[in-house]
Asks: 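This is the structure I want to talk about, given as structure tokens.
Treat the numbers as computed from the prediction; the structure is a model and nothing was measured. Numbered from 1 within each chain, the chains take letters A, B, ... in sequence-line order.
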Amino acid sequence: MNLRDITLQFMLRMRSRPARVVRRLQRRGFRHRVRTPEVGVVRAAAVQLEWRLCETAEEFADLVYDNVREAVAQGAELVAFPEDTATLLVGVMPGLGPMLRNLTVDEAVRQIGEDVQVAELFRLMGGATRRIYETTFATLARGYGVHIAAGSALLPLPDQRVLNVGHLFTPEGRILRQAKCHLIPLEEEWGLTAGEDLEVFDTGIGRIGLPVCMDATFFETFRILRQLGAEIVVLPMADPEYPYSPWKALRGIWPRVQESQVFGVQGALVGEALGMRLTGHAGIYAPLALTERGDGRLAVSERPEGEALVVADLDVAALRRLREEQPLQLNPALYERYFPRVYSGFWRGGSH
Amino acid sequence: MQGGATLERDFIVATFRLPPFAAPDAASFGRALVQAAESTAQRTPADLYLFPGLLALGLVPQLDLADPKAVALADGSLKDAYLAAGSYAARTLGAVVVPGTIYLVTPQDRVQQYAAVFDRQGNLVGEQLQTHKDGTVQATADEISPIAVDAGVKVGLLLGRDAWYPEVSRILSLQGADILLAPLAPGTPYSSEEALWGLWQEVQQNQVFGVESGLFGVMGERVYAGRAAILAPCEMTEDEAGFLPRPGYFVGTGAQVATLRVDDLQKVRRDYPLLRHLNPGLYRKYLPLIYRRQP
């Protein structure tokens with residue numbers, strides 16, 4: 001490590017000291033929810049967040065705090081943030097903030113070197129991102145006594161691979177993680193790596209799966225989570241689709257919720273972000289039979305742009321009854337006969 | 001080749017939304033199919049005609065579908081009449097025909113749903129049984145494969161609830177079916193949301209074409225509410241809605257006709273090769289064994 005790198009890491013460490021975040025949040029204070037939860041019902045909130053650069057840890061903590069406070073004020077026990085929430089923290093990187101006002105993240109990284117991948121940036125600032133991101137959400141989850149699905153963060157593993165990792169922070173201080181398993185082409189260009197495991201987490205509010213955005217394009221993700229026992233699937237999203245297409249948006253969480261009989265809670269990142277224009281709705285979804293209008297929507301933001309917070313009750317007891325009354329009629333013998341063969345064609349690099 | 005594209009040329013398809021009608025024998029049922037097809041053929045002769053599920057039960061209009069024994073009694077003659085009528089219609093039209101579906105019964109008195117596919121010469125080129133149970137169908141198949149219906153054209157059949165189990169479409173499309181056919185007879189209510197969760201989704205998540213036909217009206221004790229549609233990936237349709245003939249699901253009486261353009265489909269797949277983003281390493285860890293697990 002040369003002197004420049006040592007200096008950079010020192011600056012990042014100073015800018016990401018957990019004490020800065022904790023002090024800031026404690027100064028703002030926590031008023032616990034007063035609502036007594038109904039047995040078998042979870043009140044969930046989904047955040048639609050406009051992307052912006054945060055150049056300090058305090059700025060990020062304030063932004064997250066405001067959204068959590070609003071959700072808790074409405075009685076939420078589960079608060080879901082969008083995919084890539086931690087990318088707001090690229091402004092903490094010395095010198096990068098001003099560059100990103102005029103350049104895309106790709107262009108900014110190419111200023112460092114033509115063959116440098118964007119993943120290198122997230123590798124470099126992984127430690128700082130992790131400290132601010134985890135301290136912020138963990139402090140708020142404990143402080144308010146709620147579960148916070150903190151969207152996702154691009155973080156390096158010890159072996160230097162960078163993954164897009166969904167996070168859930170519990171009031172007891174647990175941090176649960178799930179790597180995105182299906183990357184969009186841009187993430188592949190950036191040099192990210194896809195995860196190869198799915199997990200369902202037992203929490204105080206139910207059994208939760210945490211896939212990330214593009215994972216919902218493929219039915220396999222939700223089917224695996226359902227079979228692992230998921231009742232609630234939290235899906236952080238950041239969709240680089242502009243202009244917004246309501247039809248294309250129907251290819252994500254909504255059908256997956258129907259196919260697998262789960263609740264779906266989707267936070268959405270919108271606005272200009274790292275050279276992309278993001279659109280999408282924060283929304284809370286349920287099987288058709290569990291929604292008042294039979295449309296599978298419990299609460300959806302009014303517009304696919306701008307900020308919003310939507311709240312709805314997930315009647316987990318009703319979901320369990322639905323599953324008993326209308327069980328999935330799966331055919332394992334059919335899948336055992338064909339799946340190894342049809343997927344192995346793609347394992348070897350096949351395509352249409 | 002697994003997952004290989006098979007569609008090599010543009011292909012015109014016609015699909016129907018029809019009420020049940022009584023037909024005293026195979027000949028009259030076959031003539032009715034031809035008559036319905038010719039009403040569209042005067043405008044655009046199609047390469048393939050898809051008729052609604054259970055339409056052929058009009059051959060036994062008094063059939064009590066709630067009684068498997070009654071279905072069993074009708075079974076032999078019904079299947080013979082259905083096959084004869086389908087073959088006649090295909091020969092007469094010089095087109096591929098799927099004459100809807102019928103119910104069959106296993107020796108254990110369990111109901112199956114069955115469909116046959118005929119080529120332009122009237123030859124039986126493929127058969128399929130429903131693979132997922134529903135309220136009526138209690139005996140299902142463990143085999144499903146694309147059916148070659150014409151030079152360079154393979155179709156996959158989704159019967160009954162199979163259109164709502166994405167595993168079926170994935171298996172068919174990864175085996176090379178570029179057109180999914182769903183001859184349906186959904187009971188009422190059949191909302192637009194339920195329709196969108198069915199074949200429309202399968203078309204989108206596999207980047208293939210889809211053709212849905214629908215039975216509607218009353219037959220015996222049952223009320224049907226089928227729709228008709230010809231579907232394609234959003235990127236190649238007006239307003240990105242995924243419907244080739246707009247405005248969407250057809251709820252009138254009669255036919256929908258559209259040309260499935262192979263160049264457009266290939267462009268969609270080239271621009272966004274969705275299936276390249278499948279994660280077989282992940283699936284290999286969990287599928288298919290996880291289906292044996294009781295969640």
Asks: Please state whether the side chain, the backbone, both or neither of A:Arg256 comes within less than 4.5 Å of a heavy atom of chain B.
Replies: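 Contact with chain B involves the side chain of A:Arg256 alone.
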Asks: Has the side chain of B:Asn279 got a donor or acceptor atom that lies under 3.5 Å from a matching backbone atom of A:Gly195?
Replies: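 Flag set: sc B:Asn279 to bb A:Gly195 pair under 3.5 Å.
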Asks: Heavy-atom distances under 4.5 Å only: say whether A:Phe339 touches chain B with side chain, backbone, both or neither.
Replies: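 Contact with chain B involves the side chain of A:Phe339 alone.
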Asks: Could you look at A:Leu228 and say if it's the side chain, the backbone, both or neither that has a heavy atom under 4.5 Å from chain B?
Replies: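 For A:Leu228, backbone and side chain are both near chain B.
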Asks: Rounded to the nearest 0.5 Å, what separation is found between the CZ atom of A:Arg223 and the CZ atom of B:Arg170?
Replies: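 Separation between the atoms: 11.5 Å.
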Asks: Where does B:Arg161 contact chain A at under 4.5 Å (heavy atoms): side chain, backbone, both or neither?
Replies: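 Contact with chain A involves no heavy atom of B:Arg161 at all.
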Asks: Could you look at A:Leu198 and say if it's the side chain, the backbone, both or neither that has a heavy atom under 4.5 Å from chain B?
Replies: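 For A:Leu198, the contact with chain B is made by backbone and side chain together.
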Asks: Sort A:Pro246 into side chain, backbone, both or neither according to what part of it lies under 4.5 angstrom from a heavy atom of chain B.
Replies: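 The answer is neither part of A:Pro246.
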Asks: Could you grab the distance from atom CG of B:Asp162 to atom CG of A:Asn331, nearest 0.5 Å is fine?
Replies: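 Output value for this atom pair is 8.5 Å.
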Asks: So, taking the atom named CD1 in A:Ile184 and the one named OH in B:Tyr272, what distance separates them when rounded to the nearest 0.5 Å?
Replies: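 Interatomic distance, A:Ile184 CD1 to B:Tyr272 OH, rounded to 0.5 Å: 7.0 Å.
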Asks: When rounded to the nearest 0.5 angstrom, what is the spacing between NE2 in A:His182 and CZ in B:Arg276?
Replies: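 Going from the NE2 atom of A:His182 to the CZ atom of B:Arg276 covers 13.0 Å.
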Asks: Please report the C-alpha distance between B:Leu174 and A:Tyr338 in whole Å, then the side-chain angles of each, then the deciding distance to 0.1 Å, and finally whether the side chain to side chain contact (heavy atoms under 4.5 Å, CB included) criterion is met.
Replies: CA-CA 10 Å; B:Leu174 290 184; A:Tyr338 291 99; over 6 Å; no
Asks: Over 60° means perpendicular and under 30° means parallel, so classify the ring planes of B:Phe243 and A:Trp247, tilted if in between.
Replies: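 The arrangement is perpendicular - the two ring planes meet at more than 60°.
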Asks: So which residue, A:Ser245, A:Gly296, A:Gly229, ends up with the most heavy-atom pairs under 4.5 Å with chain B?
Replies: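 Sorted descending by pairs with chain B, the first entry is A:Ser245.
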Asks: Before giving the answer on side chain to side chain contact (heavy atoms under 4.5 Å, CB included), spell out for A:Tyr343 and B:Arg284 the whole-Å C-alpha distance, their side-chain angles and the decisive distance to 0.1 Å.
Replies: CA-CA 8 Å; A:Tyr343 287 127; B:Arg284 198 156 52 175; over 6 Å; no
Asks: Identify which of B:Leu196, B:Thr140, B:Ile144, B:Thr237 forms the greatest number of heavy-atom pairs closer than 4.5 Å to chain A.
Replies: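 Winner by heavy-atom pair count: B:Ile144.
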Asks: Need one label for A:Gln326: side chain, backbone, both or neither, based on atoms under 4.5 Å from any heavy atom in chain B.
Replies: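 Looking at A:Gln326, nothing touches chain B.
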Asks: Does any heavy atom of chain A fall under 4.5 Å from the side chain of B:Asp134, the backbone, both, or neither of them?
Replies: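 Neither part; nothing is under 4.5 Å.
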Asks: Counting distance only, does the side-chain N/O of B:Tyr165 pair as donor-acceptor with the main-chain N or O of A:Gln329 below 3.5 Å?
Replies: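 Between the backbone of A:Gln329 and the side chain of B:Tyr165 there is a qualifying donor-acceptor contact (under 3.5 Å).
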Asks: If you take all heavy atoms of B:Trp197 and A:Pro255, which pair is closest and at what distance?
Replies: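 Nearest heavy atoms, B:Trp197 then A:Pro255: CD1-O, 4.5 Å.
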Asks: Can you say whether B:Lys285 sits under 4.5 Å from chain A via the side chain, the backbone, both, or neither, judging by heavy atoms?
Replies: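 For B:Lys285, the contact with chain A is made by the side chain alone.
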Asks: Any idea which of A:Glu220, A:Lys248, A:Arg323, A:Met214 has the most non-hydrogen atom pairs under 4.5 angstrom with chain B?
Replies: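 The residue among A:Glu220, A:Lys248, A:Arg323, A:Met214 with the greatest pair count is A:Glu220.
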Asks: Any chance you could measure B:Glu193, atom CD, to A:Trp254, atom CH2, to the nearest 0.5 Å?
Replies: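 Going from the CD atom of B:Glu193 to the CH2 atom of A:Trp254 covers 6.0 Å.
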Asks: Specify the closest pair of heavy atoms between A:Arg337 and B:Asp142, including all atoms of both residues, with the distance to one decimal.
Replies: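 Where A:Arg337 meets B:Asp142 most closely, the heavy atoms are NE-O, 2.9 Å.
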Asks: Do the side chains of A:Glu259 and B:Trp164 get nearer than 4.5 Å, heavy atoms only?
Replies: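 No, side chains not in contact.
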Asks: So which part of B:Gln201 gets closer than 4.5 Å to some heavy atom of chain A, the side chain, the backbone, both or neither?
Replies: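 When you check distances to chain A, only side chain atoms of B:Gln201 fall under 4.5 Å.
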Asks: If you tally heavy-atom pairs under 4.5 Å against chain A, which of B:Lys133, B:Glu194, B:Glu143 wins?
Replies: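 Winner by heavy-atom pair count: B:Glu143.
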Asks: If we ignore angles and hydrogens, is there a donor and acceptor under 3.5 Å between the side chains of B:Gln204 and A:Arg251?
Replies: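 A:Arg251 and B:Gln204 do have a side-chain donor-acceptor pair below 3.5 Å.
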Asks: Locate the shortest heavy-atom distance separating A:Cys181 from B:Leu282; write the atom from each residue and the value.
Replies: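 Shortest heavy-atom contact: CB-CD2, 3.9 Å.
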Asks: How about A:Pro185 and B:His277: do any of their side-chain heavy atoms sit closer than 4.5 Å?
Replies: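 Contact flag for A:Pro185/B:His277 side chains = yes.
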Asks: So how far is it from B:Tyr291 OH to A:Gln227 CD, rounded to the nearest 0.5 Å?
Replies: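 Between atom OH of B:Tyr291 and atom CD of A:Gln227 there are 7.0 Å.
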Asks: Using a cut-off of 6.0 Å, state whether more than 12 heavy atoms not belonging to A:Arg293 lie near its atom CZ.
Replies: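 Not buried by this count: 12 neighbours or fewer within 6.0 Å.
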